[in-house]
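Only one structure is covered here, and it is reproduced in the block below.
Lettering follows sequence order; numbering is per chain, from 1.
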There are 2 protein chains.
Amino acid sequence: MRFLLVEDNIELAEAIIARLSLDGHAVDHAKTLAAADEWLAVAEYDLMLLDVMLPDGDGRAFLRKTRTTERVPVIVLTARSQVSDRVDTLDLGADDYITKPFDFAELEARCRAVLRRRGTPTPALIPLGGALFDPSGGTLSHDGETKPLRNRELRLLEVFARNKGKILSKTQLLDRLFSQDAEVSENAIEVYVARLRKRLSAAGVEIETVRGVGYRMTWA
Amino acid sequence: MRFLLVEDNIELAEAIIARLSLDGHAVDHAKTLAAADEWLAVAEYDLMLLDVMLPDGDGRAFLRKTRTTERVPVIVLTARSQVSDRVDTLDLGADDYITKPFDFAELEARCRAVLRRRGTPTPALIPLGGALFDPSGGTLSHDGETKPLRNRELRLLEVFARNKGKILSKTQLLDRLFSQDAEVSENAIEVYVARLRKRLSAAGVEIETVRGVGYRMTWA
DNA sequence: AGCCCCGTGTCAGGCCCGTGTCAGCTTGGC
DNA sequence: GCCAAGCTGACACGGGCCTGACACGGGGCT
């Protein structure tokens, strides 16, 4: 999944990025609201993490504004001192909030929760041909065997599972799996598609390539 | 998608065209505002890339003018020195702007973003006679069978589907499928129409040829 | 620390499929 | 019947895609 982190504290930001990257997410980082605007203009995000105290303005106003044009889920990061009860934050359009300092595990959990709620309603287990895909557990079960997926394979499969039968271009897939400033070639996508195919073939799930356009996942 | 690039720097223009063509877009190139006017009168574009510094005038005035008559999404290309923040540019009616020199990947991303925001939301499924055409999936289903289409066939069918019952000349079709300077004979269109016909015949969809004029798609 | 191992992204080489052209044929208009 | 316009099977080319091998780096274990 692709995240936008809006946070001016460099240290905290880097820690968050490191942690979320471990989960295979792509994170872009904006230090100001202006920068956040730029990012939002260019890419599509699955989730935004927004600090409310920023050098160039109040995050709340920004939140209200973007809510009119974008439909990105938002988790607000607030300091404990800033009074902000749940109702207050949610009224502005946030999906959840978390008070600093927070535990990274908690942040991850809230991210997962919001994604589950706001994304295309995804059941915990997705039937894929003869197999069962568990996105939160990162496993694929088939014939009683449960095999773990690797990080990138997991994210890639999530994207495909969410877009049954749709053609996804390599560029789109790159956008979903990698952050903007990660200079990764499209060949990486080809490689990961190949690796995923090996795992899916037994289950009757296929990732067709549409030459010059992209890939499409289908199953019986 | 069909783009109009308004840019007097030949080298830059050619580089942009080369890059966007790789994404399967058709790009027409105008070196002056006058030329741009002519292109706009003749063809319909999905997106315009407009340099603001041109030999025969200021792009901003041009932008304001065209905005009254056209509804093409516009991305403005500016030199870094020319001050222009987002608000400024958006006030003129642009959908986005990018400062030169820019990264091609960024240009592509912005194009995609603008198209996503402004583009006509393609209906998920288009009924075509006894068949169902899924543009985003690139398939045609009929009698429970779902058959994939190839790149060019897909684009051609999209054009026909968007222009139900209209007669499309071979020149128009060439324009939609190929960029201007791609030297492709009209015979190519004949060939692709033939290939499409084979796939559509079972569904009762027909592409009539109107001798000396063009083609028209009809169905029961 | 040192070691190993696993996950990751790149690269080069080769395959093969989509693509556009051509030539010869058919069709339609006058 | 003649010519132009359109149809179509066959073909060659080029580049998009695949894949095995590799180098790199970070984590975890001893």
Side-chain angles (χ1 to χ4, degrees), chain A residues 14-15 17-26 104 138-140 147-157 167-201 206-217, chain B residues 18-19 21-24 26 138 147-157 167-201 206-217:
Chain A
E14 279 175 358
I17 291 172
R19 182 62 180 249
L20 293 176
S21 299
L22 277 184
D23 291 350
H25 299 295
F104 284 135
T139 58
L140 194 68
K147 288 182 179 174
L149 291 174
R150 301 204 272 223
N151 231 320
R152 281 267 132 81
E153 294 168 3
L154 171 62
R155 298 304 162 201
L156 185 58
L157 185 53
I167 297 182
L168 299 167
S169 73
K170 277 187 270 195
T171 319
Q172 282 177 300
L173 294 171
L174 267 187
D175 276 357
R176 280 280 150 271
L177 294 187
F178 300 91
S179 61
Q180 190 73 21
D181 43 62
E183 292 181 12
V184 180
S185 77
E186 293 200 342
N187 179 261
I189 297 296
E190 296 169 13
V191 171
Y192 279 107
V193 167
R195 287 172 183 165
L196 243 192
R197 272 176 177 154
K198 280 185 190 156
R199 297 182 181 272
L200 294 173
S201 57
E206 220 179 323
I207 299 179
E208 303 172 55
T209 102
V210 185
R211 266 187 180 244
V213 188
Y215 296 97
R216 172 181 46 211
M217 189 167 78
Chain B
R19 182 63 180 248
S21 300
L22 280 184
D23 291 354
K147 288 184 176 172
L149 295 175
R150 300 197 274 202
N151 192 3
R152 280 266 132 78
E153 294 165 358
L154 208 54
R155 297 233 203 95
L156 186 58
L157 185 52
I167 297 182
L168 299 165
S169 74
K170 277 189 264 195
T171 319
Q172 279 177 304
L173 293 172
L174 265 188
D175 282 355
R176 301 297 293 181
L177 292 188
F178 302 91
S179 81
Q180 198 60 28
D181 45 61
E183 293 178 14
V184 180
S185 77
E186 293 200 342
N187 179 260
I189 296 297
E190 296 168 12
V191 171
Y192 280 107
V193 167
R195 286 173 183 164
L196 243 192
R197 274 176 176 155
K198 279 186 191 159
R199 297 183 182 271
L200 294 172
S201 57
E206 219 178 321
I207 300 178
E208 300 174 49
T209 102
V210 185
R211 216 181 157 76
V213 185
Y215 296 96
R216 173 176 47 199
M217 190 168 75

Item to check | Test salt bridge (Lys or Arg N to Asp or Glu O under 4.0 Å) applied to Glu153(A) and Arg195(A), step by step | outcome: CA-CA 8 Å; Glu153(A) 294 168 3; Arg195(A) 287 172 183 165; 5.6 Å; no
Next on the checklist: Tell me whether the side-chain N/O atoms of Lys170(B) come closer than 4.0 Å to OP1 or OP2 in dG6(D).
Outcome noted: yes
Checklist entry - For Arg216(A) and dC17(D), what is the distance between atoms CZ and C1' respectively, to the nearest whole Å? => result 16 Å
Item to check | Asp175(A) side chain to Gln172(A) side chain, donor-acceptor N/O pair below 3.5 angstrom | outcome: no
Next on the checklist: In whole Å, I'd like the distance from the CD atom of Glu190(B) to the C1' atom of dG6(D).
Outcome noted: 5 Å
Next on the checklist: Just the rounded figure in Å: distance from P of dC17(D) to CG of Leu196(A).
Outcome noted: 17 Å
Next on the checklist: Tell me every residue that passes side-chain hydrogen bond (donor to acceptor under 3.5 Å, both in side chains) with Glu206(A), counting only those two or more places apart in sequence or in another chain.
Outcome noted: none
Checklist entry - Could you run down nucleotides 17-27 of chain C 5' to 3' and tag each one B, S or - for protein heavy-atom contact under 4.0 Å? => result BSSBBBB---B
Next on the checklist: Would the distance check show the side chain of Arg176(B) and the main-chain N or O of Arg155(B) forming a donor-acceptor pair, the cut-off being under 3.5 Å?
Outcome noted: no
Checklist entry - dT19(D) C1' sits how many Å from Ile207(A) CD1, rounded? => result 16 Å
Checklist entry - Would you call Val184(A) and Leu177(A) a side-chain contact if the rule is heavy atoms closer than 4.5 Å? => result no
Checklist entry - Counting just side-chain N and O atoms, does Tyr215(B) come under 4.0 Å of either OP1 or OP2 of dC7(D)? => result yes
Checklist outcome for this item: Contacts of Val193(B) meeting side-chain contact (heavy atoms from CB on, under 4.5 Å) (sequence neighbours excluded), chain-then-number -> Leu156(B), Ile189(B), Arg197(B), Ile207(B), Tyr215(B)
Checklist entry - Once you round it to whole Å, what is the distance between P of dC7(D) and CD1 of Ile189(B)? => result 12 Å
